[in-house]
There are 2 protein chains.
Amino acid sequence: MPAEAKPDTPARARPDTAARPASAPLTERQEARRRRILAATAQLAGRGGFDAVQMREVAEASQVALGTLYRYFPSKIHLLVATMQDQLEHLHATLRRRPPSGDSAAERVAETLMRAFRALQREPQLADAMVRALTFADRSVSPEVDQVSRQTTAIILDAMGRERPTPEQLSAVRVIEHTWHSALITWLSGRASIAQVKVDIETACRLIELTDDES
Amino acid sequence: MPAEAKPDTPARARPDTAARPASAPLTERQEARRRRILAATAQLAGRGGFDAVQMREVAEASQVALGTLYRYFPSKIHLLVATMQDQLEHLHATLRRRPPSGDSAAERVAETLMRAFRALQREPQLADAMVRALTFADRSVSPEVDQVSRQTTAIILDAMGRERPTPEQLSAVRVIEHTWHSALITWLSGRASIAQVKVDIETACRLIELTDDES
DNA sequence: ATCAAGTCTGAAACTTGTTCTAGATTAGCG
DNA sequence: CGCTAATCTAGAACAAGTTTCAGACTTGAT
């Protein structure tokens, strides 16, 4: 990553991502551009992974000038994190449609995460690009990464029939999320098998049982 | 990261890192070069973090040609991961000198990790560089990353008075390690407080109690 | 319809990781 | 010592992320 992270945010009026729809209404054509960009990104990432997402190519594939691409997404990392947000929304919607079936909260969470994991396995290169971006992100991407994190938390809480989780349960969820991310990385870099990821997730999910008296 | 990851390892006789001392004996001057490189890297990373470790600067600071630097460490990531190995060895040695004092295995592990965490806090920029490299590493760095992982596992097992850990305990250790890495990342990117990291680590360590009947 | 402000485009320039090359140096060996 | 292969050096060259800029196009308000 060549240039230094920008030390200040010069209040440049950029469309920004969909993080907070309040920042700028975005005209229809702008919305379309944004969508084209994300689609092109996902496609390029789908083959090749992280390295195949080249800003010039994304710009060309989405029929947008390089400068415009950078106005929408101030760095490659921002772009990929936004792609992840996008995909997570899909996933969450899908999961809502068919909720997990396990008996205990721990089982349901593990089941949900394994389902998400299988979805990622179908597009390992895309997963690689998104996850690498997520963990490589520096402070300048914090808001966006945080949003991804909140979305993930929401998915997990949905899976345990939540209803006002206790602080202890929230702690457990945090550890599960840590495990999820980190296990994903070890799998993507070929240092852990799918089976190993499964075990790790299930192990982490046991923490839920510890604090749980069956909803 | 411009160039594609090299798909093949062309058996080029490179000094490689100290991973396995068997690969190439390394003359005295070579050992000295390697050491200078790692020292320069740690220093540059100490200010500035990941971005401040620029290959040309590392080469200059360690009085080595750029090409030579690349012969010793085939990429910036390799270089930083090797730096991490180096630091971890120091840490492990230090920890051995004063073992943790907690009563239960879980307490001792948490104590150990928090001690390591405090060490990292003293050099947050260095920590940033090393951890980012670690999680960004792709398959071409797997052996080295794996070595770091083994070292970390060893530290944790040391902390729980180990003695042939059960498979369940090993699973718990894996989750703890995942949590450790991921929590570190969230702290480094400013998305979690020190207190939060502490809680997360302690929560993960509870998994040890689950499988433990006090050694 | 018209004007000002904000956007988008195309292209070049800049930065930093990585590779390559030709010529010194060094190491090990007979 | 003198040779040969490996290693090291200096420096150019290349790749991809990022920045910049001048000019064309849109948009929104009047």
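A, B, ... follow the sequence lines: proteins, then strands. Residue 1 opens every chain.
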Visitor: What integer distance in Å separates Phe73(A):CZ from dC8(C):P?
Guide: 12 Å
Visitor: Any salt bridge between Glu60(B) and Arg56(B), counting N to O under 4.0 Å?
Guide: no
Visitor: Can you tell me if Glu31(B) has over 12 outside heavy atoms packed within less than 6.0 Å of its CD?
Guide: yes
Visitor: Would Ser171(A) and Glu202(B) satisfy side-chain contact (heavy atoms from CB on, under 4.5 Å), going step by step from the backbone distance to the final call?
Guide: CA-CA 10 Å; Ser171(A) 287; Glu202(B) 285 166 355; over 6 Å; no
Visitor: Compute both the distance and the angle, then confirm whether Lys76(A) meets the cation-pi test with Phe50(A): under 6.0 Å from the six-membered ring centre, within 45 degrees of the axis.
Guide: yes
Visitor: Let me know, please, whether Arg29(B) or Thr68(A) comes out on the 5' side of the other along DNA chain C by nearest nucleotide.
Guide: Thr68(A)
Visitor: Thr27(A) side chain: which of dT18(D), dG28(D), dA10(D) is closest?
Guide: dG28(D)
Visitor: When we call it a touch if two heavy atoms are under 4.0 Å apart, what does Gln63(B) touch: a base, just sugar-phosphate, or nothing?
Guide: sugar-phosphate
Visitor: Phosphate oxygens OP1/OP2 of dC8(C): is one of them under 4.0 Å from a side-chain N or O of Gln30(A)?
Guide: yes
Visitor: Rounded to the nearest Å, what distance is computed from the CZ atom of residue Arg71(A) to the P atom of nucleotide dT26(D)?
Guide: 16 Å
Visitor: Remember a base hit wins even if backbone is also touched, and classify Val53(B) as base, sugar-phosphate or nothing at under 4.0 Å, heavy atoms.
Guide: sugar-phosphate
Visitor: Where the side chain of Gln54(A) is concerned, which of dA16(D), dT9(C), dT18(C) is the nearest nucleotide?
Guide: dA16(D)
Visitor: For Leu80(A) and dT18(D), give me the distance from atom CG to atom C1', rounded to whole Å.
Guide: 15 Å
Visitor: Give the rounded distance in Å between these two atoms: OH of Tyr72(A) and C1' of dG6(C).
Guide: 12 Å
Visitor: Hey, is the side chain of Arg56(A) pairing donor to acceptor with the base of dT18(D) inside 3.5 Å?
Guide: yes
Visitor: Nearest whole angstrom, please: distance from the P of dC8(C) to the CZ of Arg36(A).
Guide: 11 Å
Visitor: In terms of side-chain heavy atoms of Arg33(B), which of dT9(C), dT9(D), dG17(C) is nearest?
Guide: dT9(D)
Visitor: Using a 6.0 Å cut-off, check whether atom CD of Gln43(B) has over 12 heavy atoms from anything other than its own residue.
Guide: no
Visitor: Please report, rounded to the nearest Å, how far the C1' atom of dA10(D) is from the CE atom of Met55(B).
Guide: 17 Å
Visitor: Counting heavy atoms from C-beta on, name the nucleotide in dT18(C), dT9(D), dT18(D) closest to the side chain of Ser75(B).
Guide: dT18(C)
Visitor: Among dT9(D), dT18(C), dT18(D), find the nucleotide with the atom closest to the side chain of Tyr70(B).
Guide: dT18(C)
Visitor: Could you give the CG-to-C1' distance, from Leu66(A) to dA16(D), as a whole number of Å?
Guide: 10 Å
Visitor: From CD of Glu57(A) over to P of dA16(D), roughly how many Å is that when rounded to an integer?
Guide: 8 Å
